[in-house]
Every structure is written in C-alpha cells, then in structure tokens.
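Remarks on the structure that follows.
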Amino acid sequence: MSQEFSGHDALIATIDAAVALGEATAITRTLSRSLARLIADRQVELPAAVFEVDTSHYTRRLLHLSERHGYSVIAMTWAPGQGTLIHDHAGLWCVEGVWSGALEVTPYDLLEAVGDAARFRAQRTIHAGCGSTGSLIPPFEYHTIRNADPSTVAVSVHVYSGAMNRCTVFEPTTGDWHRRQERILETAAA
C-alpha cells in the first residue's frame, strides 16, 4: 500500500537500502543520515494533505507500507501546541525526521512499573528543527513529541519497522507516576 507523490520512489529506495542491512542499529543509523539528506535536498515532495492540520489532535497519514520488508512510513502533522503523552512504539524501531517546522522530543527513562502504573524520569529535551532526525530502538523508546511553536505547523516523517497501529501511552497521575493505557492509532488519508 502506498500513497504516490513526487520523489516517492527515491524515498522508498532509500528506506529499502537501509532496511536491507538487517540489524536495527545499522538500519536506524543509515536511515537517519539518508532521511536528513532527502529532507535537505527536497527531491521528495510530500502530498499536500500532509500539511493540513486537525486542530483537535495531531494527524497521522500513511505514506507507504512495504509488503516486501514490512516497514511503514507515516507523516505526522502537528498544529501549534499539539503533542503526545509519554508513549512507546510497541517494540518497533523508528527513525523520525522533521520535514518542516520544529519539534521538541523528550526521551524518558522508565524507573519503575507496578501493574498499570509506571514512574518515569525525563531526560534532556531535544529541540529538533527542519532536517533533524533521530531514532528509537526498544527498549529505549519512551518519549514525547510536541510542537512548541505558537504559530507554525510542523510535519514529521516516521519510518517504523512494522505497521505502527497501536502503542502504549502513559497518562499522568501524581508526581512522576503515570497510568498505562493501550491505544489504537488512527491514520487519516494522505
């Protein structure tokens, strides 16, 4: 399944080449560098719908699901102030690149888990501008993403090792404790 757009084939060929390396660290390292180059040279033009915001929540749009390799490519649109709760990637590695605008990414250390309760400690927040890339490899996958800019829409592209259609989110309760919830992730048309 794939959404056609200018530069689609170049994007998919780049991802396929990285995924062919077979090992998560090598894949994500290579893909982070390659995605940064693709964003910088603008040979890939994402579909216009990717830049349309939903003011009630950030929007996920499927750009590609590889039948051959199993990975998925999702574009996310972030209106000013929109962000996520602490969440994981359901055990999938991920490479994320800021396509336009800027995002704040805060990784978290899981300190303790008791039943559906978990305690986290925030690490240093990363201010990621256009062209910035990063990766997450489980078990180091807990993080938040937020568009802190009060006036600019941000768009990011996420490559997951599989179909990212669910994750675990953590609702704050008291102090640094959070309540674990499974969430089904919806994807809008691109």
Side-chain angles (χ1 to χ4, degrees), residues 1-5 11-12 15 19 24 27-28 31 35 46-99 101 103-110 112-120 122 128 134-148 153-174 176-190:
M1 174 188 297
S2 193
Q3 171 71 34
E4 290 300 319
F5 50 89
L11 176 65
I12 300 312
I15 298 169
V19 171
I27 292 168
T28 57
L31 192 50
L35 188 57
L46 299 179
V50 165
F51 298 92
E52 298 170 4
V53 299
D54 181 330
T55 57
S56 64
H57 58 81
Y58 72 92
T59 306
R60 301 173 77 249
R61 293 180 173 92
L62 179 65
L63 298 178
H64 183 76
L65 180 59
S66 173
E67 292 179 20
R68 181 176 174 204
H69 298 290
Y71 67 80
S72 62
V73 183
I74 303 284
M76 294 187 190
T77 310
W78 311 83
Q82 288 180 340
T84 68
L85 294 170
I86 297 173
H87 65 282
D88 67 13
H89 284 170
L92 302 175
W93 59 253
C94 176
V95 173
E96 304 169 338
V98 179
W99 201 269
L103 295 169
E104 290 182 344
V105 180
T106 305
Y108 286 82
D109 292 321
L110 175 61
E112 185 177 0
V114 180
D116 285 341
R119 193 165 64 88
F120 292 94
S135 63
L136 297 164
I137 301 173
F140 306 106
E141 61 183 327
Y142 300 107
H143 65 290
T144 59
I145 300 175
R146 185 171 88 89
N147 179 359
V153 171
V155 173
S156 54
V157 172
H158 304 245
V159 180
Y160 299 100
S161 60
M164 180 69 175
N165 51 23
R166 68 175 183 82
C167 71
T168 303
V169 298
F170 297 87
E171 294 270 355
T173 55
T174 55
D176 51 3
W177 284 94
H178 296 72
R179 184 172 43 92
R180 176 191 171 141
Q181 296 180 344
E182 294 298 316
R183 179 164 293 167
I184 302 298
L185 301 172
E186 297 195 17
T187 305

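Along the sequence shown, the residues carry numbers beginning at 1.
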Fill in: Test log, rule side chain to side chain contact (heavy atoms under 4.5 Å, CB included), inputs Phe140 and Asp109
CA-CA 8 Å; Phe140 306 106; Asp109 292 321; 5.7 Å; no

Worksheet item: So Leu31 and Trp93, side chain to side chain contact (heavy atoms under 4.5 Å, CB included) or not? Walk me through it.
Response: CA-CA 11 Å; Leu31 192 50; Trp93 59 253; 4.1 Å; yes

Discussion item. Students often mix this up, so state it plainly: with edges at 30° and 60°, are the rings of Tyr160 and His158 parallel, tilted or perpendicular?
Written reply: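 Parallel.
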
Worksheet item: Do you know which of Val153, Thr84, Val98 makes side chain to side chain contact (heavy atoms under 4.5 Å, CB included) with Trp78?
Response: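 The residue from Val153, Thr84, Val98 that satisfies side chain to side chain contact (heavy atoms under 4.5 Å, CB included) with Trp78 turns out to be Thr84.
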
Looking at side-chain heavy atoms only, is the closest gap between [X] and [Y] below 4.5 Å?
X	Y	value
Leu63	Pro47	yes
Leu85	Pro172	yes
Cys167	Leu185	yes

Discussion item. Exactly one of Arg60, Gln82, Arg61, Glu52 should register a side chain to side chain donor-acceptor pair (under 3.5 Å) with Thr77. Which one does?
Written reply: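 Among the candidates, only Arg61 passes.
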
Worksheet item: Listed by chain and number, what are the ring-ring contact (aromatic ring centres under 6.0 Å, His included) partners of His178, not counting sequence neighbours?
Response: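 Counting only residues at least two positions away or on another chain, His178 forms a ring-ring contact (aromatic ring centres under 6.0 Å, His included) with Phe120.
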
Minimum heavy-atom distance between [X] and [Y], given as atom pair plus value:
X	Y	answer
Thr59	Ala188	CG2-CB, 3.7 Å
Thr168	Asp88	N-OD1, 2.8 Å
Asn147	Ala154	ND2-N, 3.5 Å
Ser72	Gly162	OG-O, 2.7 Å

Return the [atom1] to [atom2] distance between [X] and [Y], rounded to the nearest 0.5 Å.
X	Y	atom1	atom2	answer
Met76	Leu103	CE	CG	10.0 Å
Cys94	His89	SG	NE2	4.5 Å
His87	His143	NE2	NE2	3.0 Å
Gln181	Glu171	CD	CD	4.5 Å
Ile12	Ile15	CD1	CD1	4.5 Å
Met164	Leu92	CE	CG	6.0 Å

Worksheet item: CD of Glu186: more than 12 outside heavy atoms within 6.0 angstrom?
Response: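 12 or below, so no.
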
Worksheet item: Are Tyr142 and Phe170 close enough that their ring centers fall under 6.0 Å?
Response: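 Aromatic pair counts; centres sit under 6.0 Å.
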
Discussion item. Between Arg179 and Asp116, does the salt bridge (charged side-chain N to carboxylate O under 4.0 Å, His left out) criterion hold? Intermediate values first, please.
Written reply: CA-CA 6 Å; Arg179 184 172 43 92; Asp116 285 341; over 6 Å; no

Discussion item. Set out, in order, the CA-CA distance, both residues' side-chain angles and the distance that settles side chain to side chain contact (heavy atoms under 4.5 Å, CB included) for Phe5 and Leu11, then state yes or no.
Written reply: CA-CA 10 Å; Phe5 50 89; Leu11 176 65; 3.9 Å; yes

Practice prompt. Would you please test Leu136 and Glu96 for side chain to side chain contact (heavy atoms under 4.5 Å, CB included) and show each step?
Written response: CA-CA 8 Å; Leu136 297 164; Glu96 304 169 338; 4.1 Å; yes

